[in-house]
> 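First the structure, which I've put down as structure tokens, then a few questions once you've had a look.
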Amino acid sequence: MNAVVVASNRPEYLELFLEKWSTELRKVKVYVILDLPEKRDFNFHGLDVSLFCWADIDADLGEVSWVIPRYTSGIKSYGILKAWQNGAGMIACLDDDCFPDTPRYIERHWENLKRNVHPDWHSTLDVPPNRYPRGFPYEIRGKFRTVGISHGLWSNIPDYDAVTASRYGKDRTALYDPPRVEVVPVDNFFPMCGMNVAFRREIAPVMYFGLQGKEYPYDRFDDIWCGLFAKKILDHLGYSVTNGGPYIRHERASEVSKNLVKEQPGMAVNERLWKAVKTLKLRQATPGACLVECADALPSGEYWRKLRQAMRIWVSLFDNED
């Protein structure tokens with residue numbers, strides 16, 4: 001069964017999320033990570049929901065539960081782990097302020113992940129898969145990359161950083177239906193947004209959203225930095241990434257002024273980190289082992305030492321990586 005992970009510390013938004021998605025997510029397992037010390041009662045609206053809180057994470061992971069941060073969207077890493085442990089073939093992540101905008105949300109992500117992509121050439125003709133336009137090299141015909149990550153987009157409120165949102169807060173993005181889907185080029189990064197992204201189960205060991213939030217120097221870069229490592233690893237292992245549909249409708253719940261404070265410490269780091277990841281030479285052959293290589297290449301300093309340790313522990317939770 002496919003799975004959807006959502007994290008929330010806002011019970012009122014979570015209630016609305018479960019109601020709005022009650023039809024679209026009827027055939028999947030939903031993992032709700034309540035970013036609060038204890039559970040609360042919710043109306044699941046007929047959905048198959050597993051609900052977890054801090055107490056569940058601590059009881060499950062024991063002395064290494066600290067690798068799952070609190071009061072930050074990075075806590076959804078725990079939902080990814082549980083979905084993988086329960087055999088999900090595809091895992092999608094949503095935020096609690098994101099609602100359905102086009103039908104067949106899960107099916108469209110899964111269709112993207114089942115696509116075959118030529119890494120170097122793009123066919124100019126809409127023809128069956130075994131036919132190619134004149135000039136398409138014979139050597140690569142029939143050789144494809146599997147899509148590992150399907151990155152969805154959103155209508156309504158764009159995913160701006162706080163500086164941009166403070167200047168262009170009235171911008172609204174359009175809904176494209178049917179949505180356009182593009183392949184992110186090899187060796188190109190993209191700003192991965194954790195509020196609408198899906199991936200194959202074998203990619204789960206690299207989908208660690210890191211240590212962020214109140215206890216750490218950085219916040220709101222958890223999905224961005226996860227995306228840096230993931231794209232580097234997928235390029236190395238021969239996977240592709242798509243970007244575009246399916247769309248969700250984004251109703252921003254966070255405040256721009258608070259986001260500006262949270263994002264400021266990580267902005268300069270982000271300008272350097274992607275360049276360091278781009279020059280990294282990977283040699284391992286599995287997603288988890290590659291993430292350990294990325295961890296070993298992190299900068300020096302107390303935060304990075306702890307993140308390096310957390311990434312290693314995270315990968316160890318997938319010891320039977322498939």
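These values consider heavy atoms only, across backbone and side chains, with no hydrogens, waters or symmetry-generated copies. The first residue in the sequence is number 1, and the count goes up from there.
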> Can we say E24 and R104 salt-bridge, meaning some charged N sits less than 4.0 Å from an Asp/Glu carboxylate O?
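No salt bridge links E24 with R104.
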> Going by distance alone, is a donor N or O of one side chain under 3.5 Å from an acceptor N or O of the other, for N243 and H151?
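Looking only at side-chain atoms, H151 and N243 do form a donor-acceptor pair, the distance falling under 3.5 Å.
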> Applying side chain to side chain contact (heavy atoms under 4.5 Å, CB included), name anything that partners T146, two or more places apart in sequence or on another chain.
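Per chain and number, T146 pairs via side chain to side chain contact (heavy atoms under 4.5 Å, CB included) with R200, Y239.
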> Would V241 and V147 count as a side chain to side chain contact (heavy atoms under 4.5 Å, CB included) if you check the C-alpha gap in whole Å, the side-chain angles of each, and the deciding distance to 0.1 Å?
CA-CA 5 Å; V241 173; V147 175; 5.9 Å; no
> Has the side chain of E215 got a donor or acceptor atom that lies under 3.5 Å from a matching backbone atom of R70?
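Checking the backbone N and O of R70 against the side chain of E215, no donor-acceptor pair under 3.5 Å is found.
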> Are any non-hydrogen side-chain atoms of P137 and I140 less than 4.5 angstrom apart?
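Yes - at least one pair of side-chain heavy atoms lies under 4.5 Å apart.
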> Any ion pair linking K278 and D187 (charged N to carboxylate O, less than 4.0 Å)?
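Judged by the 4.0 Å cut-off on N to carboxylate O distance, D187 and K278 do not form a salt bridge.
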> Any donor-acceptor pair under 3.5 Å linking the side-chain atoms of E15 with those of N43?
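Not at all, the side chains of N43 and E15 share no donor-acceptor pair under 3.5 Å.
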> For a ring-ring contact (aromatic ring centres under 6.0 Å, His included) with W225, tell me which candidate from Y218, F209, Y216 qualifies.
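The ring-ring contact (aromatic ring centres under 6.0 Å, His included) with W225 is passed solely by Y218 among Y218, F209, Y216.
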> Examine distances only and state if a side-chain atom of D222 and a backbone atom of G210 form a donor-acceptor pair shorter than 3.5 Å.
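Flag not set: sc D222 to bb G210 has no pair under 3.5 Å.
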> Any side-chain heavy atom of S240 sitting closer than 4.5 Å to one from L234?
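Side-chain contact under 4.5 Å: no.
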> Which distance, rounded to the nearest 0.5 Å, do you find between the CG of L273 and the CG of L298?
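Taking CG in L273 and CG in L298, the distance rounds to 7.5 Å.
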> I'd like to know whether the aromatic ring centres of W314 and Y208 sit less than 6.0 Å apart in this structure.
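Yes, close enough.
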> Is it true that E251 and R249 make a salt bridge, defined as a side-chain N closer than 4.0 Å to a carboxylate O?
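Here E251 pairs with R249 in a salt bridge, since their nearest N and O are under 4.0 Å apart.
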> Output yes when a side-chain donor or acceptor of R201 lies under 3.5 Å from a complementary backbone atom of A88, and no otherwise.
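Side chain of R201 to backbone of A88: a pair is present.
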> Inspect the contact between R26 and D48 and indicate whether a charged nitrogen and a carboxylate oxygen are less than 4.0 angstrom apart.
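No, this pair does not count.
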> Quick check on side chain to side chain contact (heavy atoms under 4.5 Å, CB included): which of V6, N86, L51 does Y31 satisfy it with?
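Looking at V6, N86, L51, the match for Y31 under the side chain to side chain contact (heavy atoms under 4.5 Å, CB included) is N86.
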> F99 and W21: aromatic ring centres closer than 6.0 Å?
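No, the ring centres sit 6.0 Å or more apart.
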> Between the side chains of D35 and Y71, is a donor N or O closer than 3.5 angstrom to an acceptor N or O?
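Y71 and D35 do not have a side-chain donor-acceptor pair below 3.5 Å.
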> Examine H109 together with F199 and report whether their ring centres are nearer than 6.0 Å.
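No, the ring centres sit 6.0 Å or more apart.
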> Taking the side chain as C-beta and beyond, is there a heavy-atom pair between M311 and L307 under 4.5 Å?
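The answer is yes, as the side chains (C-beta and beyond) meet within the 4.5 Å cut-off.
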> Examine Y132 together with W121 and report whether their ring centres are nearer than 6.0 Å.
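When the ring centroids of Y132 and W121 are compared, they turn out to be at least 6.0 Å apart.
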> Any side-chain heavy atom of R108 within less than 4.5 Å of one from T102?
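Counting from C-beta outward, R108 and T102 do come under 4.5 Å.
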> Does the distance from a Lys or Arg side-chain N to an Asp or Glu carboxylate O, for D95 and K76, drop under 4.0 Å?
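Looking at K76 together with D95, the answer is yes, because their closest N to O distance falls below 4.0 Å.
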> I'd like to know if R10 pairs up with D96 as an ion pair, taking the criterion as any Lys NZ or Arg NE/NH1/NH2 lying under 4.0 Å from an Asp or Glu carboxylate oxygen.
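Salt bridge: yes.
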> Just by distance, do the side chain of H236 and the backbone of K281 share a donor-acceptor pair under 3.5 Å?
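Side chain of H236 to backbone of K281: no pair is present.
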> I want to check something: taking the side chain as every heavy atom from C-beta on, are S77 and M207 in contact at a cut-off of under 4.5 Å?
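A side-chain contact under 4.5 Å is absent here.
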> With a 4.5 Å cut-off on side-chain heavy atoms, are D159 and P191 touching?
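No, every pair of side-chain atoms sits at 4.5 Å or beyond.
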> Under 3.5 Å, side-chain donor or acceptor atoms of residues 60-68 against the rest of the protein: list the pairs with distances, not counting sequence neighbours.
unit_1: D60; atom_1: OD2; unit_2: Y78; atom_2: OH; d: 2.6
unit_1: D60; atom_1: OD2; unit_2: K82; atom_2: NZ; d: 3.2
unit_1: S65; atom_1: OG; unit_2: D58; atom_2: OD1; d: 2.9
unit_1: S65; atom_1: OG; unit_2: G62; atom_2: O; d: 3.0

> Give a yes or no on whether the backbone of F52 and the side-chain of K39 come within a donor-acceptor separation of less than 3.5 Å.
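Side chain of K39 to backbone of F52: no pair is present.
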> Between R305 and E302, is there a salt bridge with N-O shorter than 4.0 Å?
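Result for this pair is yes, salt bridge flagged.
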> Taking the six-membered ring for Trp, are the ring centroids of H45 and F17 within less than 6.0 Å of each other?
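No, too far apart.
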> Between N116 and F144 (side chain of the first, backbone of the second, donor and acceptor by atom type, cut-off under 3.5 Å), is there such a pair?
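It does not hold such a pair.
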> Heavy-atom distance under 4.5 Å between the side chains of R115 and T242, does that happen here?
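Sidechains of T242 and R115: in contact.
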> I'd like to know if the side chain of N196 and the backbone of W154 have a donor-acceptor N/O pair within less than 3.5 Å.
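Such a contact is absent between N196 side chain and W154 backbone.
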> Do S123 and F136 touch side chain to side chain, with heavy atoms closer than 4.5 Å?
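A side-chain contact exists here, since the closest heavy-atom pair is under 4.5 Å.
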